[in-house]
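The next block holds one structure in the form of structure tokens; read it before the comments.
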Amino acid sequence: MGDHSHDSPTGSDVVAAAGQSETERFQDPGIPPHRPRLADTDPRAAKRAERQVAILFAVSVIGTLLFFVGYFAFDPNASIGTLRLQNLFLGLGTAFAMLGIGVGIVHWAKTLMPDHEVSEERHAIRTEDDRVAAEKIVEDILEETGIKRRPLIRNTIIGALALAPLPAIVMFRDLDNSSLSVDRLRHTMWKEGVRLTRDPSGTPIKASDVTIGSAFHVIPEGLNESPNKLEEKAKAVVLLMRLDPAALHPSPGREDWGYNGIVAYSKICTHVGCPVALYEQQTHHLLCPCHQSTFDLTQECKVIFGPANRPLPQLPIKVDSEGYLVAQSDFHEPVGPSYWERG
Amino acid sequence: MGLLFTGGLYAVATTVNQAKADTQSFSASDVKEGEKLFLANCATCHGMGGSGTNSGPSLVGVGAAAVDFQVGTGRMPMQMQGPQAQVKPKQFTDDQTHQLAGYVASLGAGPSIPAAEYLDEKGDAAKGGELFRVNCAMCHNAAAAGGALTRGKFAPALAGVSGQHIYEAMVTGPQNMPVFNDANITPQNKRDIITFLKTIEANGSPGGADLGSLGPVSEGLFLWIAGLGVIIAFTIWLTSRTS
């Protein structure tokens, strides 16, 4: 609070008098006459409004309960359908929980709380008097809301407000990943001798199948039988391409990571993990559809445009005795976006 | 540089599984007429005998399928050099396209025009949809509405494209599209993909207005307008007088 003594209360209605003569003053129109609302005069209307407010708060309670029904009744790992249904319940539940309280309070204030207007003039701060006056205002507010006289509204709003924060607690608890090992971000299903297979059929790929200009979408052999198929797939997907070996410029130590111009790169963008699979077979650009990060295949997938910070990790490959493409090892670095413990 | 992007249409993609020269369906007169048409319309860029120049790639070994796709969709002859060849009203009749295809197929073995059995649109649409989402949807959009690539290039929308041209595009990899040879996606699976595309085209959008199937751009615009409308409705209600 500042010092109000510079403002004379009586002078506050002189507005921007520059260029105007003193006689042209606005007459203070004062507060418009109070017009009673339906609920002010008719006790039945007041009762009805009270019930409406209580129903809105009850809607909030139901919304919160809906959230928990969605949270506990559906197993998000069961199928994509149940995951979608759970999302729907969580979203609708939270929306009703918040809207019920908000709309209820506004409806309460508009129909039931006193709507007479008051004007207070500024004055210098007098500590003790103001404190007493402020206490009086708080008491008046409590009295005017009618929260003491209307137990239905009081009880429902207490119920709604008590339940509404619970979804947030449950959601934030789920962010705790201390039980999970960060180490699993460093490894994928690829290891020496694992065959490169087609997504989604899982059939192995011969080196001779991959003609120049081709792009194969690849998953590791055995992924379709893996118990955590989606989690493993999210780390292990690979794009396999063949180009003229003369167009590739491998750095020292990586010359034998490809086979005759066939190279395999992680499909997970190093920016935020979208699948980078938009391969242009003439320019040898790999484009991420989310934020337009562009990787140059001829320069070991160096970033040539966009927000990604690191090149796509390359999967070293070779050909086994039957002519099928197999991995030499896992990726030599974690795939996908950066994370705190990546180092 | 522009020529590199646009001109290099085909890497010579001849391998065991594709190297079936299909000259049987072209008569000697087709090849002869085709050569005349080629010399008059194509040789400026693609060179005498289709051996390629600085302005256009060699056509030896691209096959009849590539000619039928490029000429049949009007992409060739190109109107002008640019990021990529655009669809336009076709410049040659079906007969002339056939003759040109016969001539280019005679230059070297390459993918041939697909057999009608793979174009009957009676494959497994569900299987085709799965393959489409894995192999095609990243560029052509999950609803086949097309999408942008780098530096002015784009993947076209697939609605209204004939099954034959879709098949030929997969097998030849026109412009910057990768090649999906028969070892990667079998002819039967290509038939499934075509069936899927024709099915979703015929089905329309079961979820209401598709807003161009462009994802966040058009849907975001709609939500901005609808969302702002809801906010305005709330502010009007907040400030209105109760009766």
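In what follows, chains are A, B, ... by sequence order, proteins preceding strands, each numbered from 1.
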To the closest 0.5 Å, what do you measure between NZ (A:Lys267) and CE (B:Met138)? 5.5 Å
Taking every non-hydrogen atom, the tightest pair across A:Ser214 and B:Pro178: C-CB, 4.3 Å
Atom NZ of residue position B:Lys122 - does it have more than 12 heavy atoms of other residues, nucleotides or ligands inside 6.0 Å? no
Could you check whether any side-chain N or O of A:Gln281 sits under 3.5 Å from a backbone N or O of B:Val179, counting only pairs where one atom can act as donor and the other as acceptor? no
Interchain contact, B:Ala148 with chain A, by part (heavy-atom threshold 4.5 Å): backbone
Looking at A:Arg37, A:Arg35, A:Lys110, A:His107, which one has more heavy-atom pairs under 4.5 Å with chain B than the rest? A:Lys110
Crowded around A:Asn309 CG? As in, over 12 foreign heavy atoms under 6.0 Å? no
Pick one of side chain, backbone, both or neither for A:Val103, based on which atoms fall under 4.5 Å of a heavy atom in chain B. both
Who wins among A:Ile205, A:Leu287, A:Leu278, A:Thr294 for the most heavy-atom pairs under 4.5 Å with chain B? A:Leu278
Would you give the length of the straight line joining atom OG of A:Ser201 to atom NZ of B:Lys127, rounded to the nearest 0.5 angstrom? 6.0 Å
Checking side chain to side chain contact (heavy atoms under 4.5 Å, CB included) between B:Asn176 and each of A:His284, A:Gln282, A:His285, which is the one that passes? A:Gln282
Could you give the distance from CZ (A:Phe216) to CD1 (B:Ile185), rounded to the nearest 0.5 Å? 8.5 Å
Contact class of A:Leu99 relative to chain B, heavy atoms under 4.5 angstrom: side chain
Give the member of A:Asp199, A:Thr111, A:Val237 that has the highest number of heavy-atom pairs under 4.5 Å with chain B. A:Asp199
Look at B:Ala155, B:Ser240, B:Gly147 and state which one has the largest set of heavy-atom pairs under 4.5 Å with chain A. B:Ser240
For A:Phe96, look at atom CZ and say whether over 12 heavy atoms of other residues, nucleotides or ligands are found less than 6.0 Å away. no
Does any part of the side chain of B:Asn184, heavy atoms only, come nearer than 4.5 Å to the side chain of A:Asp209, both counted from C-beta? no
How about CD on B:Gln79, more than 12 heavy atoms from neighbouring residues, nucleotides or ligands closer than 6.0 Å, or not? no
With rounding to the nearest 0.5 Å, note down the distance linking CD in B:Gln175 to OG1 in A:Thr283. 12.0 Å
Distance check, rounded to the nearest 0.5 Å: B:Leu149 atom CG versus A:Gln292 atom CD? 10.5 Å
For atom CZ of B:Phe154, decide whether the heavy atoms of other residues, nucleotides or ligands shown that lie under 6.0 angstrom number more than 12. yes
